[in-house]
Amino acid sequence: MADAKKLIRLSYKAYLADADERLYDTTDAEAAKEAGIFNEKVKYEPMVYLCGNKTLFPDLEAAIESAEIGKETTVTIPCEKAAGARNPKLIELHPIKEFYKQEINPYPGMTVTLGKRTGVIMSVAAGRVKVDFNNQLAGHDLKYIFTVTEEITEDKAKALAIIELNLGTSEGFDAAIEADKVVITEAEICKFNQDWPIAKYKIVSDLRAAFGVDRIDFVQVWEVAKKE
């Protein structure tokens with residue numbers, strides 16, 4: 001059995017640490033509205049994070065792991081330790097007809113996907129579209145203000161939080177933790193949700209890391225509807 005990793009919830013505000021310190025991501029709905037980045041499809045609440053998962057910049061990961069619960073922490077990460085410098089070779093010109101074929105009417109600031117790459121349109125002129133495929137954080141120092149709101153320690157709550165982390169919701173799921181395995185009872189949505197097969201692989205990996213077990217069982221229930 002491997003060592004288990006810590007599971008937490010945290011709230012945060014993420015800024016480009018330039019002169020205007022522009023907010024680009026947050027768990028705070030009011031802050032998102034003030035910055036003009038509010039998205040109605042996003043659930044603004046403290047997010048689940050599995051420490052040591054290596055999905056954040058190393059300096060931010062280290063700050064989160066050492067943070068005191070309930071205490072606001074600020075960390076600034078220099079460009080070279082974040083998304084790196086901007087690469088001029090990733091700024092490309094594409095014929096406007098490539099966009100018309102996808103029924104896209106391109107304009108500056110639009111996020112587009114060409115092939116398997118996502119970029120932002122910089123300009124449209126003379127039948128050509130200039131697209132920047134750099135990571136949008138590239139070339140910027142970053143500033144994070146965050147608070148670890150809680151450490152999730154109860155076994156069932158941990159398992160459901162991991163499902164929430166990877167699927168966006170844990171509603172309808174159940175979990176049981178045994179000595180050598182974790183048993184997940186799938187929600188009804190798993191039978192119809194196209195994202196479930198992909199999310200399942202990551203859930204397995206995270207459950208193993210959070211509980212230090214090798215075996216994860218999934219139970220799918222098919223029940224006849226009761227007659228009135």
Side-chain angles (χ1 to χ4, degrees), residues 10-45 47-50 53-61 63-64 74-146 165-169 193-202 205:
L10 74 156
S11 57
Y12 66 88
K13 296 175 184 176
Y15 300 86
L16 301 180
D18 303 327
D20 59 351
E21 288 207 340
R22 178 165 60 87
L23 184 76
Y24 72 86
D25 192 18
T26 184
T27 56
D28 186 322
E30 292 305 314
K33 289 176 182 177
E34 289 178 11
I37 62 170
F38 183 79
N39 185 342
E40 292 182 352
K41 296 180 181 179
V42 172
K43 186 186 293 184
Y44 290 92
E45 60 183 20
M47 65 168 280
V48 178
Y49 184 67
L50 182 62
N53 223 15
K54 297 182 179 180
T55 57
L56 301 176
F57 299 122
D59 284 9
L60 178 58
E61 173 94 36
I64 289 173
T74 300
V75 58
T76 300
I77 305 175
C79 168
E80 60 271 16
K81 290 187 176 182
R86 288 172 59 78
N87 183 353
K89 294 181 179 179
L90 293 179
I91 298 175
E92 302 174 0
L93 284 172
H94 289 261
I96 199 168
K97 63 183 180 182
E98 288 185 25
F99 300 87
Y100 290 160
K101 286 179 181 178
Q102 298 184 53
E103 298 183 350
I104 296 173
N105 187 20
Y107 59 85
M110 173 185 276
T111 300
V112 293
T113 299
L114 295 178
K116 295 183 179 180
R117 298 185 301 162
T118 299
V120 175
I121 294 174
M122 298 178 68
S123 63
V124 181
R128 293 189 175 187
V129 180
K130 183 183 288 187
V131 185
D132 184 357
F133 289 104
N134 278 284
N135 183 314
Q136 294 307 294
L137 302 182
H140 298 280
D141 294 346
L142 305 177
K143 177 181 175 181
Y144 297 91
I145 301 175
F146 69 87
L165 171 63
N166 291 284
L167 193 64
T169 180
N193 190 323
Q194 295 180 345
D195 296 331
W196 173 240
I198 296 173
K200 196 172 184 178
Y201 285 102
K202 188 64 170 60
S205 176

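Remember, it's a predicted structure, so these values are computed and weren't measured experimentally.
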**Item:** Residue pairs involving residues 109-138 (criterion salt bridge (Lys or Arg N to Asp or Glu O under 4.0 Å); sequence neighbours excluded)
**Value:** R86-D132, E92-R117

**Message:** Would you say that Y12 contacts I64 through its side chain, given a criterion of any heavy-atom pair below 4.5 Å between the two side chains?
**Reply:** no

**Request:** Could you pull out the closest heavy-atom pair between A138 and A83, with the gap in Å?
**Result:** N-CB, 3.7 Å

**Request:** Among residues two or more places apart or on two chains, list those pairs meeting ring pair (Phe, Tyr, Trp, His ring centres under 6.0 Å) that have a residue in residues 13-44.
**Result:** F38-Y44

**Prompt:** What residues form a salt bridge (Lys or Arg N to Asp or Glu O under 4.0 Å) with E30, not counting sequence neighbours?
**Reply:** K33

**Asked** Would you say the side chain of L142 lies within less than 4.5 Å of the side chain of L16, judging by non-hydrogen atoms?
**Response** yes

**Non-hydrogen atoms of A85 and C79 that approach each other most closely** = N-SG, 3.8 Å

**Message:** Is it the case that over 12 heavy atoms from other parts of the model lie below 6.0 angstrom from the CG atom of L93?
**Reply:** yes

**Request:** Would you check if F57 and L137 make a side-chain contact, meaning some heavy-atom pair closer than 4.5 Å?
**Result:** yes

**Prompt:** Hey, what do you get for CG (D28) to CG (L23), rounding to the nearest 0.5 Å?
**Reply:** 8.5 Å

**Contacts of E103 that satisfy salt bridge (Lys or Arg N to Asp or Glu O under 4.0 Å) - sequence neighbours left out** = none

**Asked** Rounded to the nearest 0.5 Å, how far apart are CD1 of I37 and OG1 of T26?
**Response** 6.5 Å

**Request:** Give the intermediate values and the outcome of side chain to side chain contact (heavy atoms under 4.5 Å, CB included) for residues Q136 and T111.
**Result:** CA-CA 11 Å; Q136 294 307 294; T111 300; over 6 Å; no

**Request:** Please step through side chain to side chain contact (heavy atoms under 4.5 Å, CB included) for the pair T27 and F146, ending with a clear verdict.
**Result:** CA-CA 10 Å; T27 56; F146 69 87; over 6 Å; no

**Asked** In Å and rounded to the nearest 0.5 Å, what is the CG to OG1 distance from D141 to T76?
**Response** 8.0 Å

**Side chain to side chain, N105 and Y100, heavy atoms closer than 4.5 Å** = yes

**Asked** Closest heavy-atom contact between P106 and V124?
**Response** O-CG2, 3.7 Å

**Prompt:** I91 and M122: which non-hydrogen atoms are nearest, and at how many Å?
**Reply:** CG2-SD, 3.7 Å

**Message:** K43: which residues meet the salt bridge (Lys or Arg N to Asp or Glu O under 4.0 Å) condition with it, sequence neighbours left out?
**Reply:** none

**Message:** Could you work out, with salt bridge (Lys or Arg N to Asp or Glu O under 4.0 Å) as the rule, every residue matching E45, not counting sequence neighbours?
**Reply:** none

**Message:** Can you tell me how far apart CG (D195) and CG (N166) are? Round to the nearest 0.5 Å.
**Reply:** 11.5 Å

**Request:** Output the distance between atom CG (N135) and atom CG (N87), rounded to the nearest 0.5 Å.
**Result:** 12.0 Å

**Prompt:** Would a 4.5 Å heavy-atom cut-off, applied to side chains only, mark K200 and P197 as touching?
**Reply:** no

**M47 CE to D25 CG distance, which is reported to the nearest 0.5 Å** = 9.0 Å

**Message:** Donor-acceptor check, side chain of T113 to backbone of T118, threshold 3.5 angstrom: yes or no?
**Reply:** no

**Request:** For residues L114 and F99, determine if any side-chain heavy atom of one lies less than 4.5 Å from a side-chain heavy atom of the other.
**Result:** yes

**Message:** Contact between V129 and V112 at the side-chain level, heavy atoms closer than 4.5 Å - yes or no?
**Reply:** no

**Message:** I'd like to know whether NZ of K202 has more than 12 heavy-atom contacts from other residues, nucleotides or ligands below 6.0 angstrom.
**Reply:** yes

